[in-house]
There are 2 protein chains.
Amino acid sequence: MKKLRHYIDLSDKDRELLAELEERETAFTARKEIYTGGDDNDAIYVVKEGWLHSSTVLIDGRRQIVKIHHPGDIIGFPDIAYEHVTTNLVAAEDCVLCPFQKSALVEIFRNSTKITSLFFALALRDQCVLIDNIRVFSRMSSRERLSWFLLDLISRLRVTNPDLGDMMRLPLTQAEIGDAISLSNVYVSRAFTALTRYGFLERVDGKVRLTNERKMRELVDFVDRYREMDTSWFDASASKVKRA
Amino acid sequence: MKKLRHYIDLSDKDRELLAELEERETAFTARKEIYTGGDDNDAIYVVKEGWLHSSTVLIDGRRQIVKIHHPGDIIGFPDIAYEHVTTNLVAAEDCVLCPFQKSALVEIFRNSTKITSLFFALALRDQCVLIDNIRVFSRMSSRERLSWFLLDLISRLRVTNPDLGDMMRLPLTQAEIGDAISLSNVYVSRAFTALTRYGFLERVDGKVRLTNERKMRELVDFVDRYREMDTSWFDASASKVKRA
DNA sequence: CGCCTTCTTGAATATTATCAAAGAACGTGG
DNA sequence: CCACGTTCTTTGATAATATTCAAGAAGGCG
């Protein structure tokens, strides 16, 4: 998995372990509901192709999208702590997933303290990201929310694709974006036209180009949580555990 | 630590390890800023006495409180993944903390897979809690936000104090509560009077009594993430790691 | 070509923020 | 123990922001 190698070196054995997770493949068509909140959660997924999103539903029927998943992401981590899944998983477009059992994860925990530590670190990083999201999606204006959302997406894509540039595919409807950044679809549209008018972005057939990323980052005081992490502490931990 | 024993049994050795974390003690007076975003993060804290909160600051100077810390909580977990702390820690009242080094955590990771797994599970649980918070604080009405906030607090307090009943101390100003649930202090006040009028709560000198918790839970579709967790998977993991 | 979904734009409405001021509670020092 | 200053809470009025409803435009797909 390219995504993990971005953060640490992996031994051959580690790679073997991870490769096992990607043995099986299942394809899903766009809009397909893969699981629903309350289902038993025995499966975790690695994304091979396509975008998906996890969401929860409010009492009044509105939907809150919690995370957009890209190729290379692992889906279902937070749910490990509970018996039932807490979210709905939907394919935003046609996609391919590699499902594996919770128990396969245990296998990894048993055999590689390095990967365990990395998974731990990723869980902590995701906490920071969620904290950012609370700040952004409950306090900032519509234009700021959309800016953060786009910056967040492109930063994540750059982890696996450093040469991405200023343009990315955006296979999401405005209603979906709204569900992700806590806005109505109508206001997402207005935010898009506003940011376009400011000269911050351009839209060309399903793609978005950030034409003034620097200004956009300033606008929302953007922090990239994906590019770098402090891995020193668990390197130490890992090596020490190996000795023990 | 009572809080951890709620979830799993701890061996004598595990207890020793955890006791080491609580060796040193430092007292802080109310309103004291213990650390500020951007500081080097070498210290993690266990709360011995008093309430505190971690917050981030928006560009316009407003504050977003990310988490309220109670006795028994560990402060600073999400920041482990980064070199600098990402939040501000402030004492909401006079309190006593037990600081320890990141490296002491490594010591634990080395010596107890059980505690490691539990910490991992707690990190995943906190992710679920943060996801709940996004849903609540960015989508729900002021009264619903306040309801959720109070239910969340009392549920957490019950983990260490099962006989708590329907009443709890609330050593926070309305401005602080507002910063936590993304409302202005004025609107927190209005939400309080509204919930009082509905017969959901009473306030008596710094304490809150939830007079109709059942209805309050229904109102917001409350999910208690603290009472139970699925620990079976890492029990298995722990025992397997020990054999390895 | 026509249907369906998505996007855009306008108008009316709702919710919350902000500003302002008064009342209550609290702590401190005399 | 009281007076005073400070902080916190409450209430009212106004302003800002986003929602909802509705209708028309633009694409995509059969």
Side-chain angles (χ1 to χ4, degrees), chain A residues 29-32 51 58-65 90-94 135-149 169-197 201-208, chain B residues 29-32 51 53 58-65 90-94 136-149 169-197 201-208:
Chain A
T29 55
R31 311 289 126 177
K32 170 79 182 168
W51 289 30
L58 308 209
I59 314 174
D60 59 9
R62 284 181 304 172
R63 181 175 63 169
Q64 177 68 49
I65 291 182
V90 175
E93 55 181 343
D94 292 346
R135 216 178 80 227
V136 174
F137 301 145
S138 68
R139 287 305 187 87
M140 291 190 180
S141 75
S142 59
R143 292 167 302 279
E144 291 167 335
R145 290 184 209 184
L146 181 57
S147 297
W148 185 285
F149 180 71
R169 229 161 46 86
L170 188 59
L172 301 169
T173 68
Q174 291 188 354
E176 285 172 324
I177 295 172
D179 289 341
I181 64 180
S182 300
L183 284 177
S184 63
N185 58 342
V186 175
Y187 235 72
V188 172
S189 171
R190 292 194 223 269
F192 260 118
T193 57
L195 291 180
T196 309
R197 207 172 43 235
L201 59 82
E202 285 169 10
R203 283 172 292 170
V204 222
D205 49 65
K207 289 189 188 135
V208 175
Chain B
T29 56
R31 313 287 125 177
K32 170 79 182 170
W51 288 30
H53 50 75
L58 308 210
I59 314 171
D60 59 9
R62 283 181 306 171
R63 181 174 63 167
Q64 176 69 47
I65 291 183
V90 175
E93 55 180 346
D94 292 345
V136 174
F137 301 145
S138 67
R139 287 305 187 88
M140 291 192 181
S141 76
S142 59
R143 292 168 302 281
E144 291 168 334
R145 291 185 208 184
L146 181 57
S147 297
W148 186 285
F149 180 71
R169 230 161 45 86
L170 188 59
L172 301 169
T173 69
Q174 293 188 353
E176 285 172 324
I177 295 173
D179 289 341
I181 64 180
S182 300
L183 285 176
S184 65
N185 59 342
V186 176
Y187 236 75
V188 172
S189 172
R190 292 195 223 269
F192 260 119
T193 57
L195 291 180
T196 309
R197 207 172 45 236
L201 59 82
E202 286 170 11
R203 282 172 291 170
V204 222
D205 50 66
K207 288 187 189 135
V208 175

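Every heavy atom of this structure was used, including side-chain atoms; hydrogens, water molecules and symmetry mates were not. Reminder, nothing fancy here: chain letters follow the sequence lines and each chain counts from 1. Model, not experiment: these values are computed from the prediction.
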Round to the nearest Å and state the distance from [X] atom [atom1] to [N] atom [atom2].
X: B:Phe192; N: C:dA25; atom1: CZ; atom2: C1'; value: 16 Å
X: A:Tyr187; N: C:dC7; atom1: OH; atom2: P; value: 18 Å
X: B:Ile177; N: C:dA17; atom1: CD1; atom2: P; value: 14 Å
X: B:Arg31; N: C:dG27; atom1: CZ; atom2: C1'; value: 13 Å
X: B:Arg145; N: C:dT16; atom1: CZ; atom2: P; value: 6 Å
X: B:Glu93; N: C:dC26; atom1: CD; atom2: P; value: 14 Å
X: B:Asn185; N: C:dA20; atom1: CG; atom2: C1'; value: 12 Å
X: A:Leu170; N: C:dT6; atom1: CG; atom2: P; value: 14 Å

So, A:Arg63 side chain and A:Leu58 main chain: donor-acceptor pair closer than 3.5 Å or not?
no
With a 4.0 Å cut-off on heavy atoms, is [X] in touch with a base, just the backbone sugar-phosphate, or nothing at all?
X: B:Arg203; result: sugar-phosphate
X: B:Arg143; result: nothing
X: B:Ser189; result: base
X: A:Val188; result: nothing
X: B:Ser184; result: base
X: B:Ser138; result: nothing

Once rounded to the nearest 0.5 Å, what's the spacing between atom CD of A:Glu93 and atom CG of A:Leu172?
8.0 Å
Between CG of A:Asp179 and CD of A:Gln174, what distance do you get to the nearest 0.5 Å?
12.0 Å
Range on DNA chain D touched by chain B, heavy atoms, distance below 4.0 Å
D:dC8 to D:dA13
Does a side-chain N or O from A:Gln174 land closer than 4.0 Å to OP1 or OP2 of C:dT8, or not?
yes
On DNA chain D, more 5' by nearest nucleotide between B:Arg190 and B:Leu172 is B:Leu172
Between [X] and [Y], is any pair of side-chain heavy atoms under 4.5 Å apart?
X: A:Ser138; Y: B:Gln64; answer: yes
X: A:Trp148; Y: A:Arg135; answer: yes
X: A:Leu146; Y: A:Arg190; answer: no
X: A:Thr193; Y: A:Arg203; answer: yes

Of A:Arg139 and A:Val186, the one whose closest nucleotide on DNA chain C sits nearer the 5' end is A:Val186
